[in-house]
Novice: 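Quick one: this structure, given as structure tokens, is what I'll be asking you about.
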Number of protein chains: 2
Amino acid sequence: MVKITDVARHAGVSPSTVSYALSGKRPISEETRQRVEAAILELGYRPHAGARALASSRSNVLALVIPLRTGIHVPVVMQFAVSVVTTARRYDHDVLLLTQEEGEDGLRRVADTALVDALIVMDVQLHDPRLPLLRSLDRPSVMIGFPAEPDGLTCIDLDFKAAGEACVEHLARLGHRVVALVGSPPEVYVRGTAFAQRVVQGFTAAADRSGLSSSVHPCEASPGAARLVAEQLLREQPALTGVVVHNEAVLEPLIDAFEQLGLRVPGDLSVTAICPDELAETVRVPVTSVALPSAEVGERAVQLLMKKLGGSAVPEATLLPPRMTERASTAPRNA
Amino acid sequence: MVKITDVARHAGVSPSTVSYALSGKRPISEETRQRVEAAILELGYRPHAGARALASSRSNVLALVIPLRTGIHVPVVMQFAVSVVTTARRYDHDVLLLTQEEGEDGLRRVADTALVDALIVMDVQLHDPRLPLLRSLDRPSVMIGFPAEPDGLTCIDLDFKAAGEACVEHLARLGHRVVALVGSPPEVYVRGTAFAQRVVQGFTAAADRSGLSSSVHPCEASPGAARLVAEQLLREQPALTGVVVHNEAVLEPLIDAFEQLGLRVPGDLSVTAICPDELAETVRVPVTSVALPSAEVGERAVQLLMKKLGGSAVPEATLLPPRMTERASTAPRNA
DNA sequence: GCGTGGCGTCGAAGCGCTTCGACGGAGGAA
DNA sequence: TTCCTCCGTCGAAGCGCTTCGACGCCACGC
């Protein structure tokens with residue numbers, strides 16, 4: 001293994017000079033820097049991560065906690081994860097993957113052993129048992145999602161309440177009077193998953209404000225469940241003309257089911273969704289949707305963490321405003 | 001931060017004794033061990049990961065490389081990942097997540113900086129550019145998937161060729177004479193992804209052996225694509241009575257499409273699949289399938305790696321034999 | 001009784017890097 | 001010219017842990 005002293009000897013400088021040339025923490029003359037860089041290249045030097053972590057008390061590793069509970073949509077979660085990894089690399093950090101198998105002990109362990117410098121926590125519940133732990137840790141963290149009481153923590157997410165409102169208001173503007181929300185699987189609400197609840201809040205509040213008649217329907221993530229919900233909706237609410245879907249897995253099956261039941265989209269029924277643009281665009285009938293900006297959320301989560309690691313203060317809450325794109329699935333009511 | 005010297009003082013022993021009590025690498029009297037453990041508990045001691053890595057040249061971290069290329073089925077990949085993380089924890093290791101953004105440099109970097117002790121590589125291509133790199137690294141690795149030339153490397157996967165054969169043989173046994181394979185998206189074959197190719201090999205070979213007429217149809221991962229393939233199959237092969245599906249995303253949409261086209265499953269058409277049992281069981285018509293044992297593959301990949309880290313030799317190739325479960329989607333031809 | 005060999009423990013030497021204080025020299029101010 | 005400052009570099013002291021060699025002690029065999 002080639003180490004910093006080898007590079008130093010080869011470049012005719014001291015090890016500390018090599019270190020400073022690498023980190024830029026002290027000025028180094030252009031000429032020296034070039035000799036050092038040449039030596040590094042020639043010898044194929046790579047600083048030893050452990051030694052670096054020990055000496056600098058920085059591991060340059062972030063923990064990413066992905067619970068992967070039932071009912072979540074895995075591809076969407078992975079989009080966040082990829083975005084986190086990619087952005088972390090831009091800041092010269094790596095990402096340690098934690099699932100929830102170990103529970104909260106895993107978080108404490110990686111923090112206390114200094115394996116990671118900071119943590120990103122996904123799938124936050126309204127009353128998440130990890131909150132007190134995160135507050136007590138001596139390392140910064142960012143949550144993707146909003147708990148009921150985010151005091152003292154840093155959170156970022158799409159403003160799901162506003163997203164729910166935006167969908168309803170869009171439908172109201174088009175003249176629809178009876179709307180329904182097809183939501184996440186029931187267990188997601190039972191757990192008190194923040195983002196799902198907030199969509200319901202926004203949806204209901206906006207419907208009330210606009211004087212719409214509204215109803216909420218959790219839905220399992222399977223085509224069969226989608227069919228059942230579609231049938232139930234038609235049976236119980238024959239006047240229904242507007243649907244908001246907040247469940248990636250059933251978006252397409254649900255539209256299929258409606259059409260098989262004789263309802264044209266958007267002719268008889270307007271559909272909006274809260275989902276990644278990529279999905280909304282590739283459904284057979286492209287769906288008017290509020291984008292789920294996973295790439296942006298992941299990126300900004302890492303940026304917030306980097307700021308905190310740098311000692312800067314960051315806002316406790318970052319709510320990304322909903323961005324709605326109109327596509328072929330919505331139309332005026334009497335169209 | 002509480003360190004090993006604090007524990008040693010508190011327990012009235014030397015730091016090396018604490019270390020040996022923890023690692024078990026030298027005998028320690030029962031009484032001393034208990035005093036040490038009590039001190040650790042009382043002080044809340046956690047060994048510093050960097051210091052440990054530096055002194056022992058073991059980081060206790062594995063790299064998990066997940067390319068996430070287009071056309072792969074993300075939930076299945078995540079099942080592998082979760083299994084890897086869970087198993088790694090059982091061996092007191094953590095998992096660093098690498099995507100392919102960085103390309104091969106990322107692998108080299110984490111290996112050369114001693115950030116990780118070993119690597120697990122997923123989504124292997126037949127002629128994977130990472131192979132020479134893995135051979136040249138000074139750290140052990142295991143690939144999930146088989147390249148064309150696995151010499152000098154360690155690979156593990158389901159025996160996809162045998163899985164393809166098993167599906168065909170099952171259909172042949174039931175009297176079917178014309179069969180089709182609905183496979184992964186085209187780009188997966190274009191890239192030369194090992195497992196997809198092997199299914200085709202097994203499927204074709206077994207069909208030829210049994211004198212069946214067969215055809216292969218790549219299929220994009222969308223319900224729309226599934227419908228198109230279904231229509232095409234009926235048009236071009238009216239005598240078709242057996243279908244093998246190797247594409248998790250279209251399994252259910254495909255069956256739906258067949259039924260909408262007037263074919264009952266399994267009355268008119270028998271369907272088998274290669275997919276996780278969990279999926280096969282929850283389709284509307286439970287599907288006879290060869291299991292994709294992601295949990296077992298992930299677990300065994302880690303076990304292989306641990307053996308290699310322990311200095312033991314391991315077999316170059318581990319092919320898990322296919323395990324078929326009959327469900328409601330297959331029936332004799334003239335049923 | 002004395003040699004022998006474990007067992008259990010200790011002390012010290014690193015592992016490879018960062019960082020702090022120090023220092024020589026060049027340049028500017030007075 | 002002299003003094004001060006700042007730039008660029010060096011040497012040394014750790015960071016917290018593991019591990020190697022050494023050593024005292026006790027039990028055992030002859």
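In what follows, every chain begins at residue 1, and chains take the letters A, B, ... in the order their sequences are listed.
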Novice: Could you list where the contact with chain A starts and ends along DNA chain D, reading 5' to 3', using a 4.0 Å heavy-atom cut-off?
Specialist: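 Listing 5' to 3', DNA chain D meets chain A from dG8(D) to dG16(D).
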Novice: Of all residues at least two apart in sequence or in a different chain, which pass the ring pair (Phe, Tyr, Trp, His ring centres under 6.0 Å) check with F146(B)?
Specialist: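 With neighbours one apart ignored, the set is empty.
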Novice: Could you pull out all residues at least two apart from R35(A) that satisfy salt bridge (Lys or Arg N to Asp or Glu O under 4.0 Å)?
Specialist: E31(A)
Novice: If the condition is side-chain hydrogen bond (donor to acceptor under 3.5 Å, both in side chains), which residues does T154(A) pass it with, not counting sequence neighbours?
Specialist: K308(A)
Novice: Would you indicate what S29(A) reaches in the nucleic acid, counting non-hydrogen atoms under 4.0 angstrom: base, sugar-phosphate, or nothing?
Specialist: sugar-phosphate
Novice: Decide, yes or no, whether a salt bridge links R300(B) with E296(B) under the criterion of side-chain N to carboxylate O below 4.0 Å.
Specialist: yes
Novice: How bent is the helix from dG1(C)-dC30(D) to dA30(C)-dT1(D), comparing axes over its five end pairs at each side, to the nearest 10°?
Specialist: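 It comes to 40° between the two terminal axes.
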Novice: What residues form a side-chain hydrogen bond (donor to acceptor under 3.5 Å, both in side chains) with E102(B), not counting sequence neighbours?
Specialist: R89(A), R109(B)
Novice: Side-chain donor-acceptor pairs under 3.5 Å in residues 19-26 of chain B, sequence neighbours left out?
Specialist:
{"residue": "S23(B)", "atom": "OG", "partner": "S19(B)", "partner atom": "O", "Å": "3.2"}
{"residue": "S23(B)", "atom": "OG", "partner": "K25(B)", "partner atom": "N", "Å": "3.2"}

Novice: Please list all pairs passing the salt bridge (charged side-chain N to carboxylate O under 4.0 Å, His left out) test where one or both residues lie in residues 44-54 of chain B, with sequence neighbours left out.
Specialist: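 Counting only pairs at least two positions apart or across chains, the salt bridge (charged side-chain N to carboxylate O under 4.0 Å, His left out) contacts touching residues 44-54 of chain B are D112(A)-R46(B).
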Novice: Which residues, if any, of residues 32-62 of chain B bring a heavy atom under 4.0 Å of DNA chain C?
Specialist: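 Those residues whose heavy atoms fall under 4.0 Å from DNA chain C, taken from residues 32-62 of chain B in numerical order, are T32(B), L54(B), A55(B).
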Novice: Using salt bridge (charged side-chain N to carboxylate O under 4.0 Å, His left out), reason through E187(B) and R69(B) one step at a time and then give a plain yes or no.
Specialist: CA-CA 10 Å; E187(B) 61 262 39; R69(B) 310 180 215 260; over 6 Å; no
Novice: For atom CD of E316(A), is the number of surrounding heavy atoms from other residues, nucleotides or ligands below 6.0 Å larger than 12?
Specialist: yes
Novice: Going by heavy atoms closer than 4.0 Å, what residues in residues 19-27 of chain B are next to DNA chain D?
Specialist: S19(B), Y20(B), K25(B), R26(B)
Novice: Does anything in residues 8-18 of chain B pair up under side chain to side chain donor-acceptor pair (under 3.5 Å), and if so which pairs, sequence neighbours excluded?
Specialist: D6(B)-R9(B), S14(B)-S16(B), S14(B)-T17(B)
Novice: Report yes or no: do Q79(A) and S294(A) form a side-chain donor-acceptor pair below 3.5 Å?
Specialist: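 Short answer, yes.
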Novice: List the atom pairs, donor and acceptor, that lie under 3.5 Å between side-chain atoms in residues 128-136 of chain A and the rest of the protein, sequence neighbours left out.
Specialist:
{"residue": "D128(A)", "atom": "OD1", "partner": "R130(A)", "partner atom": "N", "Å": "2.9"}
{"residue": "D128(A)", "atom": "OD1", "partner": "R130(A)", "partner atom": "NE", "Å": "2.8"}
{"residue": "D128(A)", "atom": "OD2", "partner": "Q125(A)", "partner atom": "N", "Å": "2.9"}
{"residue": "D128(A)", "atom": "OD2", "partner": "R130(A)", "partner atom": "NE", "Å": "3.4"}
{"residue": "D128(A)", "atom": "OD2", "partner": "R130(A)", "partner atom": "NH2", "Å": "2.8"}
{"residue": "R130(A)", "atom": "NH2", "partner": "M122(A)", "partner atom": "O", "Å": "3.2"}
{"residue": "R130(A)", "atom": "NH2", "partner": "D123(A)", "partner atom": "O", "Å": "3.1"}
{"residue": "R135(A)", "atom": "NE", "partner": "D151(A)", "partner atom": "O", "Å": "2.7"}
{"residue": "R135(A)", "atom": "NH2", "partner": "E149(A)", "partner atom": "O", "Å": "2.8"}
{"residue": "R135(A)", "atom": "NH2", "partner": "D151(A)", "partner atom": "O", "Å": "3.1"}
{"residue": "S136(A)", "atom": "OG", "partner": "L133(A)", "partner atom": "O", "Å": "2.8"}

